[in-house]
Every structure is written in C-alpha cells, then in structure tokens.
Amino acid sequence: MKKIFALFTVCIIALGGLFAQETKLPEEAQLVLDSENKADTSTKIIEVSNTYPELHPVAGNTVKIIIEYTPMGRQIRIFYTCSRSKYDEGEALNTLQAVLDDFKKANNFYHVYRAAKDSYSNPKAKKGEPKKAQLMQLWQVKE
C-alpha cells in the first residue's frame, strides 16, 4: 500500500511539472524591479561656503566646512577645518550646528541623532601651509 501511494505521489508531481507554465512579468514591472534593486552607495560631498561669519569671528576666513552625506547608510559627516592658532571649540560647535540645521531643512530630515562623539584632529598640512585643526561630527538620520 505504501509503495502504491509513493508511486502515485511521484506521478502527480511529474505530471504537474510537465504542464506547469512559466510566468513572465510585464516589461514596465521588470524595469521597476531592476531600478529598486540598485542601491545608491555613493557619498555626496558638499562644500559649504563661508555663510556663517558671525558664528566664528576668531577663525575668520580660515574656516572650511565640508558635509559628506551617504544616502545608503543615512549618515552625515560634517568637517570643520581652520587654522590651528585660531581654533575655538565653541565657535566650531555653533557653526556645525547651524550647518546641520540648514542641511536638515534642505533635505527634509526631521529626526537626526548623534552617532558618535566629536572627533578632534590635527591633519598634516603641506609644507609652507599653516597648521590646521579639524573637528568632525557624525550624525545618523532616523526614519
């Protein structure tokens, strides 16, 4: 009895496989699927012009602010670089907060939280250039 049942089951499965039809998606549905599967792994680098001179009067024109935004990881890195002799942490933090607020408004980000502690470094300057100080903040965008 068990052998007959097993043979019957195998026959049913074989017949089902013979008469099965292959399904195809319409072309526009396939294009949508292909475009959704491609992730944006690029990093957008935005150099902010010196639009906040009132927030860093001591550092003056030596300030350079760069935003690195990674859409896939939804991370924002903001770099504040200036001459080491004119670096003031309070000015740097106020300027970075103003830059972040403007970036949030421009990209409609409502929930942003700090992902790591601030990182202070002294990057190597090329020969003949003044020594620099750099403050970096890492932020995460929450959905």
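The shortest distance between side-chain heavy atoms of Phe103 and Ile46 falls below 4.5 Å. The shortest side-chain heavy-atom distance between Leu93 and Leu135 falls under the 4.5 Å cut-off. In this structure the side chain of Pro71 reaches within 4.5 angstrom of the side chain of Lys44, judged on heavy atoms. Residues Phe5 and Leu7 are not in side-chain contact: their nearest non-hydrogen atoms beyond the backbone lie 4.5 Å or more apart.
Here the straight-line distance linking atom CG of Leu138 with atom NZ of Lys117 works out to 14.0 Å at 0.5 Å rounding. Rounding to the nearest 0.5 Å gives a distance of 8.0 Å between CD of Gln134 and CD1 of Ile66. Considering CD1 of Ile45 and OG1 of Thr70, their distance stands at 9.0 Å, rounded to 0.5 Å. To the nearest 0.5 angstrom, Ile65 atom CD1 is 10.0 Å from Glu47 atom CD. Atom CG of residue Asn107 and atom CG of residue Asp102 lie 11.0 Å apart, to the nearest 0.5 angstrom.
For Gln140, the side-chain contact (heavy atoms from CB on, under 4.5 Å) partners two or more places apart in sequence, or in a different chain, are Arg74, Gln75, Tyr113, Ala115. Considering only residues two or more places apart in sequence or on other chains, Ala98 meets the side-chain contact (heavy atoms from CB on, under 4.5 Å) condition with Tyr52, Leu55.
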Let me see the working for Tyr69 and Phe109 under side-chain contact (heavy atoms from CB on, under 4.5 Å), right down to the final yes or no.
-> CA-CA 12 Å; Tyr69 174 59; Phe109 295 146; 3.4 Å; yes
I would like to know whether Leu96 and Asp118 meet side-chain contact (heavy atoms from CB on, under 4.5 Å); could you show each step before the answer?
-> CA-CA 11 Å; Leu96 289 179; Asp118 295 347; over 6 Å; no
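Ile67 and Phe79 fall into different hydrophobic clusters, defined by Ile, Leu, Val, Met, Phe, Trp and Tyr side-chain heavy atoms under 4.5 Å apart, directly or through other members.
Among Arg77, Lys104, Arg114, the one residue that satisfies the side chain to side chain contact (heavy atoms under 4.5 Å, CB included) test with Trp139 is Arg114.
No more than 12 heavy-atom neighbours from other residues, nucleotides or ligands sit within 6.0 angstrom of NZ on Lys64.
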